[in-house]
Amino acid sequence: MSESIKDILNKTLVEIIGELAGDKFSSLPVDRCVFGPPKQPEHGDFATSAPLILTKPLGQPPFDLATRMAEAFEKSPIVARAEPARPGFVNLQLSPAGWAVILDAIATEGENFGTVTTGASRRVLLEFVSANPTGPMHLGHCRHAAVGDSLARIFSAAGYEVTKEFYINDAGVQIIALGESFRARCLAKLGDPLDLEAVQYPGEYLAEFAEDFVAGKDPALVRSHTVEDFSTEARGRNLDVIRQDLAALGVFFDHYQSEKELHDANLVTRTLESLESAGAVYEKDDALWLRTEDFGDDKDRVLRKGDGTVTYLVPDLAYHHYKFERGFDLYINLFGADHAGYPPRLRAGINALGHDASKLEVLLLRLVFLTKGGQRVKFSKRAGNFVAMSDVVAEAGSDATRWFMLARSMDSEFEFDMDLATDSSSNNPVYKVQYAHARVMTMMQKASEEAALLPELDSKEAAAALTAPIEKEIIVHLSKLPEIVERSAQERAVHHIPNYLLSLAELWNRYYSMGKTDPSFRILAEENRALAPARLRLADATRRVLANGLALMGISAPDSMTRQVSDEDE
RNA sequence: GUGCCCGUAGCUCAGCUGGAUAGAGCGUCGGCCUCCGGAGCCGAAGGUCAGAGGUUCGAAUCCUCUCGGGCACGCCA
């Protein structure tokens, strides 16, 4: 991994500030003095407001500082022009040597371009989805799956070592309820009247499992099964469906952790004992309480109820105890926003168990709604009807589903617009990005067929040949992928990637289309042969960045797009 | 009532830890098919950044309050 152009500029900036400031340097807010993209293209390729930030601590007028900084930057070989601007900015234009740095980095790093080392190989345990094995997954799980998986990819790219884990809630009252529901369904298949009271999970899926399970079996054998047997059977089938649904989205976990196994290994009772011996609990009103208030919780929480059974908090703490014993540097949980009250008590327990709870981060994802035909699709958990994840993925496809699930920040609710997601005849953003990639690929293919006709250029000559403003704009945009990755990892936010890719695709499509009205922009045209190698380097860099970015989202970067023909729509 | 999140174009949403004239997609309207792929491109219309104060050279961004909307506040999971 090489140094990004921005790193080089920022390093130079710090050196220049050091010369200007002398012994005042150590007291300056140098961290804030960085280069960024100016909003107006006429302000150059990079700009910094460092003079405005430093004017007060240095006691010098901002424009004077800007002028002296610009003079210093003029000496840099990667800078073509440096200009002070009022009230106190420095605007830079890169030289061909500067562009070559960017294009070379992309070419040599290939699929690794965009990776950074901020993670320093720290180990991260990322837990997400963890859907109960009591039924199929819905739209919300789909968002969690897409976001969690993409986050894992981003963290890997940022230099972390990530383990993806799915926690199976296969113990406790709900799993018994599942067994009872499934048993009632099976008995109904044998001819018994359906015991509506026993059916606590009303969806049709259990009836379908029952049909399959009962088929060809001796009814007496079926009747002899215990609730636990039915529970285990239904759990397994649900889990199979969950894995299938995840696979359809291309999401695979490194580890599935069963709650039941924690019980079987006595980890749950041992955890309770640990909490007791740590003095983190007390008895009141026949119940055992955990002191969570000391950790920012509103009130203390019950661990063991008056009836002697434990609350769900205990196995969850056992699970986290087990997580921490495996020795990761960072633990990230993706929860639904309806669990917002949960993290404080989790932290309290983790601390009481002797772990550093500050290593646990809980990310809260808000709801997602499905709209079709401009109408929000209604669903109700109670009635057992919901928007199934498998239906969404089947209808929109994995790529489009992921795109829309990732394109919004986690803490905003959003509408998954099925009409837009399935729109292949108009401007669906995911297709636009994939199309830009496919477009470059076919062009490269064509270029390779006439490679012998093209002159050879070294990278600096190539960069110097790219003189059009839009070509520079693309290069500068390409250079940003590493910082987008770094920022995404740091903020634990996935939506910057699609935003970035969309703007890059639009930039490229605009550039590509310029050849239609202005023949001098036709990359492979015979009369432009002298420029072709340079432009092909740019094209290659662009498709590389598009592909790397799509990979961070788990979306394919196709070599060609197969047009979907819709004859029936006249 | 308390805590968290949200409020930016007709709609869905970005806005990079405070920077220069407020952004994208979709939708609407108007253009562009002898073309390295039209699943594309160009242009136009569209904004009191919910509101009011404050912080400072400078605020959509940070602080306070108000108004709207969502979620959470169990010996449920």
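Keep in mind the model is a prediction, meaning the values are calculated, not measured. Hydrogens, waters and symmetry mates play no part in the numbers below; they use all other heavy atoms, side chains included. Throughout, protein chains are lettered first and strands after them, A, B, ... in sequence-line order, and every chain is numbered starting at 1.
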Contacts of A:R535 meeting side-chain contact (heavy atoms from CB on, under 4.5 Å) (sequence neighbours excluded), chain-then-number -> A:L466, A:E471, A:Y511, A:F521, A:I523, A:N528, A:L531
Given protein heavy atoms under 4.0 Å, the one-letter contact record of nucleotides 9-16 of chain B, with B base, S sugar-phosphate only and - none, is simply ---BSSSB
A:E415 meets the salt bridge (Lys or Arg N to Asp or Glu O under 4.0 Å) criterion, sequence neighbours left out, with A:R376
Residues 479-502 of chain A vs ring pair (Phe, Tyr, Trp, His ring centres under 6.0 Å), sequence neighbours excluded, gives A:H477-A:Y500
The side-chain contact (heavy atoms from CB on, under 4.5 Å) partners of A:A66 (sequence neighbours excluded) come to A:P51, A:P84, A:V90
With sequence neighbours left out, the residues meeting side-chain contact (heavy atoms from CB on, under 4.5 Å) with A:V268 are A:L262, A:H263, A:V314, A:P315, A:A318
- Using a heavy-atom cut-off of under 4.0 Å over every strand shown, decide if A:Q490 touches base, sugar-phosphate, or nothing. base
Residue set satisfying salt bridge (Lys or Arg N to Asp or Glu O under 4.0 Å) with A:E127, at least two apart, ordered chain then number -> A:K323
Indicate, with a heavy-atom threshold strictly under 4.0 Å, whether A:Y342 touches base, sugar-phosphate, or nothing.
nothing
Closest to the side chain of A:R366, out of B:rA77, B:rG37, B:rC4, is B:rC4
With sequence neighbours left out, the residues meeting salt bridge (Lys or Arg N to Asp or Glu O under 4.0 Å) with A:R439 are none
Report all interatomic pairs (protein N or O, nucleotide N or O of nucleotides 30-35 of chain B) with separations under 3.5 Å.
unit_1 : atom_1 : unit_2 : atom_2 : d
B:rC35 : O3'    : A:R522 : NH2    : 3.1

Compare the ring of A:F89 with the six-membered ring in the base of B:rA20 and state whether they stack (centres under 5.5 Å, planes under 30°). yes
Applied to residues 28-54 of chain A, the ring pair (Phe, Tyr, Trp, His ring centres under 6.0 Å) test, sequence neighbours excluded, yields A:F35-A:F73
Please lay out, stage by stage, how A:K299 and A:E293 fare under the test salt bridge (charged side-chain N to carboxylate O under 4.0 Å, His left out).
-> CA-CA 5 Å; A:K299 47 175 287 192; A:E293 216 173 313; over 6 Å; no
Counting only Watson-Crick and G-U wobble pairs with both atom distances below 3.5 Å, the stems of 3 or more consecutive pairs that include RNA chain B are B:1-7 with B:67-73, B:10-13 with B:23-26, B:28-32 with B:40-44, B:50-54 with B:62-66
message: Suppose you measure atom C1' in B:rG54 against the same atom in B:rG18; what distance do you get, rounded to whole Å?
response: 15 Å
Residues at least two apart in sequence or cross-chain that pass salt bridge (Lys or Arg N to Asp or Glu O under 4.0 Å) with A:D540, listed by chain then number, are A:R543
